[in-house]
Each structure stands twice: as C-alpha cells, then as structure tokens.
Amino acid sequence: MTETILVPTAAKKEEARKTPKKHLFLRLMRYVVKYWYVFVVSISMIVASGYLRTIPSQMTRLVLNALTPPVNLSNVSNILTTAVIAILGASMISSIMNFVQRYIQTYIAQKVVYDLRNNLFNALIQKSFSFYDRNRVGDIVSRLTSDADRVQMMSSMWVNEIASLVSQFAIWIVILVSINPSMTMLCMVCIPPILVLMSRYSKLSAPIFEGQRRIMSAINTFLQQNIIGTRIVRIFRQEDTEKGRFMRINDEFFSLQLRMVKIRAKYPGLNTMIMGLTTALIYWLGGRLIIQTHGTPMEFKWGDLTIFVQGMMSLMAPLRFVGMIVNNYNEAMAASARIFEVLDAEPDVKDKPDAVPLPPIKGEVVFENVSFGYDPNKPVLKNISLTVKQGETVAILGPTGSGKSTLLYLIPRFYDVTSGRITIDGYDVRDVQLKSLREQIGIALQDIFLFSATIKENIKYGRPDATDDMVIEAAKMAQIHDFISSLPEGYNTVIGERGITLSGGQKQRLTIARALLKDPRILIFDDTTSFVDTETEHRIQQAMEALLTGRTAFIVTQRVSTIKSASKIIVLQTGEIVESGTHEELLDQNGIYATIYKTQFMPREEILARRVEGGAK
C-alpha cells in the first residue's frame, strides 16, 4: 500500500522528499527556542549534575592514592571524612537537580508537542476540500497523533541527551587531562571507531524508520476505514478478504521490524567489544605506568588508574546511548517530515491579501461563464452562465455525475472556479474574506455528518448563541421536532458517531434544521430529502416555503415533486446547462425535464391528455 502525499505539486513532492534532516531539525528547534529561558535552566542543570556525578570517582581516587604506601593515617582519616561528605552532598544535590531538570525537560517536550499539534490542527481546518479529496483520513490522523508523539520523544530526550553527552565528555576530559594527558589520549582511542559505527547505524536505520512511519499510517487508515465500514464488510461477507489485506500490511511492518532488530543487535555488540578492548588496554598500560613511575615525583598511583578506568567508562557510557539517540532522531525526522508536509501544503482556496469582508447581502448570485474541474484538464462544469435574483429558488436537476453538487460547492468557495467568476451582489466571491462569505450561506449537504454530541448541540453547531426556542423552531420547520420530543432525553439526547443511532431521514432533517437555524440569506440544499418519505417531504416543503420568502435558495434533487414550485429550474447534463425555465415552460419544451417529470410524477391520464393536446396543436 502506498502512502498518500500531502503536497499538491510534483515539484513540491520531490522537494519534501529531499528536505535535509538538519533543516527539519532546525524547524523543530524553533518550537523549543520559544521556551529558551527554561531550556537554559535545564541545560545548566545538566552540566552541573554531570560534574556532581564525577565527585564519587574523584573521591575514590583521593582515597586510594592516600592508601598507597607510605600511608599517612591522619591524612587518610581527613580524606575519608571529606570523601564521605562530598559524596553524600553531591548525591543529594544531584538528585534534586535531576528531578527539577527532568520536570523542565518534560515541560518543554509537552509544550513543543502541544504547540505543534495546535498548529497542525489549525492548518488542517484551513485546508481546502481538495486536500481531503486527495488524502486519507487515517493518514491525516496518524500525523496528528503518532507522528507528533515521535517528535515529542525527541524533544524530551534527544536534545537533553546530547547536552548531557557533550557536557559529561568535556568534564571528564578536563579531569583526566589534569591527571595524565597521555593516558587521556589512550581513553579516547575507542571513540573514532564507535562514531564510525554509529554513523553507519544511522544511515541504515533512517530509511527503515521512514518505512515504518509510512506503513503505520497505512495501518491507521485501514483500521479507520474498516471500523467505519464494518457493516458493509459483514453484509458482503468480506471478512476474509479484509483479514488478508491487513495481514499483507502487517507483514510488511513485521519485515521492517526484523530488519531493525538485526541492526540494533549488531552495532551495540560491536560497541561493547571496542569498549572491552579499550578497558583491557588501559589496565595493561596503566599497570606498567604504576611500576615505571613508582617512587618518582610523577608517580602514577592505583587511585589514578582507577579514575581512568571509571573515566573511560563514563566517557563511553553516553556513546552507548548514541544508538538510542540516533533511533529517536531518525524516527523524529521521519515523523516531522510528514507533519511539515501538512503544514507546508498551501490551501487551494484561501483569502487574497487584499480580501475585504462581505457586507450583509441581499442574495443575488451570478455565474459568469464558469468552468471547473477537479483536474484542470478534465472539466466537470463547462461555461455555466446563470443569474439568480434575490429571493429566487433555483432547482437543479440532472443525472448522476452531471455536476449538480459541484456547481453549488463553488458558491461558498469549497472549490475555486477554473475560469469565469461567481458574484454575490456584485462581489466576486474570490475577492471577499472566506469567513464573511460562508457566514451568510446556510448549507445542508448530501454527505450527512453529525457529531457525537446532543441533538441540541448538533442543531446549534453553526449558531452557538441560539436560544432553545430558536432551536425548537428550526426543528419544527425541518419536521423533526415531534421525533425529538418523543425521546426520553429530548433535545439533550446524545447521538452516536456520525449519527449512527438515527435513520437516514432523521439525520437529513437534523442537518436541515442546522442550516435553517443559521438564518442565512442564501440557502443551499444538496439532495437533502432523498431519505425522507413522501409525506415528510411534503411537510418540509410546506414549512420551507414560508422560510424561503425573500431568501435565495439552491436545491439539488432527483425528485421532481420537490422543485415544481421553484422560480427557476435548470437541467445539467455532462457539466452544461441544457434546459432552463419554470416548471410549465420546461414541460412545454418536452425535453429532458419533461421526460423525468412524466416518469416520476405525472399521472398516466395527464400524460395521455397532454399527448392528445399536442396532437391537436
């Protein structure tokens, strides 16, 4: 299964794929820099705590050197007392610092992912409809959740571990050089090969992590689709097919995991071997140095050898975590690349820099030679010209795929026209601010969506300040009030996700109520009575007739009975207006509309009478 790419053009896709990790890292660091003051405190504590951790080793060296013959017992006693106090004090202070530092570290990481998720969600709600046409819901959710979590892990660990590694390395180098520079150089012999191994480890693991993020996104998408579509899967008895599809995705993820396990098992083992050889070399050369310098002013004592062994272990210990640090870094870079793809994807529909607020409208809508295609090379609408005056109701009829819904989606700028223009009261919709445009348009879409919330909250969604009386009035107009009142909890009844606990007709009437409550000057109904019975449809029509007075309305439907009273009826076919007029005018034309009407609505006797009348003429 391939990953959906979130950037719109081929050039941007290639650019996103090749974005250097250092650029991604610097972008992430901008989120950290916002909290530089606490970050500086955290780094300071890491450095101070790193030095305090060397105190036990330094005290051990002093005690062992003091016990090297000839022994001065009073001096040994003083050194032992000093060592005990220093070790206890360093441990206590270090513990306190570690607690504060880890709290600050976690605070910064949580704030970073908090800001990142907010920015990501803000970007998502501003994307054009075309963005969601191109991308899968599960993939988008994966970027907002698991990818953001990976970035948080890096923010909470990677930067601090690097700071700890560098500071601890520098502190130990200073301590060891002050004791014996040549032995210090010996301790550093193993560093170059370990760094080479880690570089190789990073190169091998990076593409695996990228593959894991891609496949995890595919898994999330697959699960999301199957959970929502579980009824369809069972109705058509495709459980085995879906199991097979999931197993193929899971097998791919399993294979990548095994490849990663092999790498993780191989390189840490090589590191341990190098460190073991270095430790043996230090003991051998250090022991010879003790023998050679015994009794000289530059005597190298057992305490010195001990601190070098401990120092070497302390120098190498952070390098043991390099593998884990590299893992986190590569995972975070793979995740951040996917996150920034979303943030960087420019909306196809957005406000112009000089966009103005749309003033309160009357409702005249004009299509001027409008063409549109989801793919610019494959137009869905062709040269549409239509004038709808204030207060008119326009019914749109046509076969599936003729462009009915697409035509309406251009009015609130869900999509922008490919050519031509649409004006509302003389304002080109592309020249006004989107918010001010959509605030004055009420829409009930064919694709019904209800939130997992109360019925009242769903109806009030477009107008949160509406009173209960206003909600009830809108529900009555949508012919859903009686049903709501019959429920034990009434308007406070919580409906399931996507309105799963309601019938199709009930969901449609709720979306109609939601659109009516907004009290807009322009109303758009996209096949909103397809799931209601004829009687309910008739009641909705009667209630809406009074409501539509003085408002401009667009109604898409396949039911002729819904649109007989419309001011104007247009018939679309293959993206073009092929008929336009009133109900009676179109019947007289005896074209597509007349055929549909006769098929759906006209009684047989009336059809015969019209035929006879036509023959007489």
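The shortest distance between side-chain heavy atoms of V471 and R463 does not fall below 4.5 Å. Inter-residue side-chain proximity for P412 and I443 is flagged as met; some heavy-atom pair is nearer than 4.5 Å. Side-chain atoms of F525 and I512, non-hydrogen and from C-beta on, do get closer than 4.5 Å to each other. The side-chain heavy atoms of L572 and I384, taken from C-beta on, include a pair separated by under 4.5 Å. A 4.5 Å side-chain heavy-atom check between F554 and I522 finds at least one atom pair inside the cut-off. At a threshold of 4.5 Å between non-hydrogen side-chain atoms, the residues V429 and I411 do not count as touching.
Annotation: the span from D344 atom CG to I339 atom CD1 amounts to 11.5 Å, rounded to 0.5 Å. Note: R245 CZ to K243 NZ = 14.5 Å, rounded to the nearest 0.5 Å. I480 contributes atom CD1, which lies 13.5 Å from atom CD1 of I472 (distance to the nearest 0.5 angstrom). Taking CG of D251 as the start and CG of L256 as the end, the distance is 11.5 Å to the nearest 0.5 Å. Distance check, rounded to the nearest 0.5 Å: CG of L450 to CG of L510 gives 5.5 Å. Rounding to the nearest 0.5 angstrom, the gap separating the CD1 atom in I569 from the CG atom in L587 is 8.0 Å.
Ion pairing of R430 with D416 is absent here, as no side-chain N (NZ or NE/NH1/NH2) approaches a carboxylate O to less than 4.0 Å. For E341 and R338, the salt-bridge test fails: no basic side-chain N is under 4.0 Å from an acidic carboxylate O.
Between the side chain of Q589 and the backbone N or O of E579, no donor-acceptor pair lies under 3.5 Å. In this structure a side-chain-to-backbone donor-acceptor pair under 3.5 Å is missing from R521 to Q440. A distance-only check finds a donor-acceptor pair linking the side chain of K404 to the backbone of G398 [under 3.5 Å]. Looking at T393, its side chain never comes within 3.5 Å of a backbone N or O of S567 through a donor-acceptor pair. Looking only at distances, no side-chain donor or acceptor of K350 sits under 3.5 Å from a matching main-chain atom of Q126. Counting only distance, with no hydrogens or angles, the side chain of S385 and the backbone of N369 share a donor-acceptor pair below 3.5 Å. Looking only at distances, no side-chain donor or acceptor of N383 sits under 3.5 Å from a matching main-chain atom of E576. Between the side chain of R438 and the main chain of Q433, no donor-acceptor pair closer than 3.5 Å is present. K518 places a side-chain N or O within 3.5 Å of a backbone atom of I441 that can act as its donor or acceptor partner.
Closest of all the heavy-atom pairs between L24 and A337 is CD1-CB, 3.9 Å. Considering all non-hydrogen atoms of both residues, A474 and A513 come closest at CB-O, 3.6 Å. Taking all atoms of both residues into account, the shortest heavy-atom contact from I422 to V365 is CG2-CG1, 4.2 Å. Nearest approach of V417 to F372, heavy atoms of both residues: CA-CD1, 4.3 Å. Closest approach of A566 to A395, counting heavy atoms only: CB-CB, 3.8 Å. Between S580 and I577, the closest heavy-atom pair is CB-CG2, 4.3 Å.
Scored by the ring-ring contact (aromatic ring centres under 6.0 Å, His included) test, F414 finds F129, Y409 as partners (sequence neighbours excluded).
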Test side chain to side chain contact (heavy atoms under 4.5 Å, CB included) applied to D351 and K435, step by step = CA-CA 9 Å; D351 286 337; K435 182 179 180 182; over 6 Å; no
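A side chain to side chain contact (heavy atoms under 4.5 Å, CB included) with V388 holds for exactly one of V366, I570, T552; it is T552.
Applying the ring pair (Phe, Tyr, Trp, His ring centres under 6.0 Å) definition to pairs two or more places apart or across chains, those involving residues 455-477 are F451-Y461.
Figure legend: cation-pi geometry between R27 and F340, with NZ or CZ positioned under 6.0 Å from the six-membered ring centre and within 45° of its axis.
Y593 and H583 have perpendicular rings, their planes meeting at more than 60° on a 0 to 90° scale where under 30° would count as parallel.
Surrounding OH of Y374 are more than 12 heavy atoms belonging to other residues, nucleotides or ligands, all under 6.0 Å away. Heavy-atom contacts from other residues, nucleotides or ligands closer than 6.0 Å to NZ of K362 number 12 or fewer.
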Throw together a table of side-chain donor-acceptor distances under 3.5 angstrom for residues 483-494, partners on residues two or more places apart or in other chains.
from	atom 1	to	atom 2	distance (Å)
S485	OG	H481	O	3.0
S485	OG	H481	NE2	3.3
S486	OG	F483	O	2.5
Y491	OH	H481	ND1	2.7
T493	OG1	G490	N	3.4
T493	OG1	G490	O	2.8

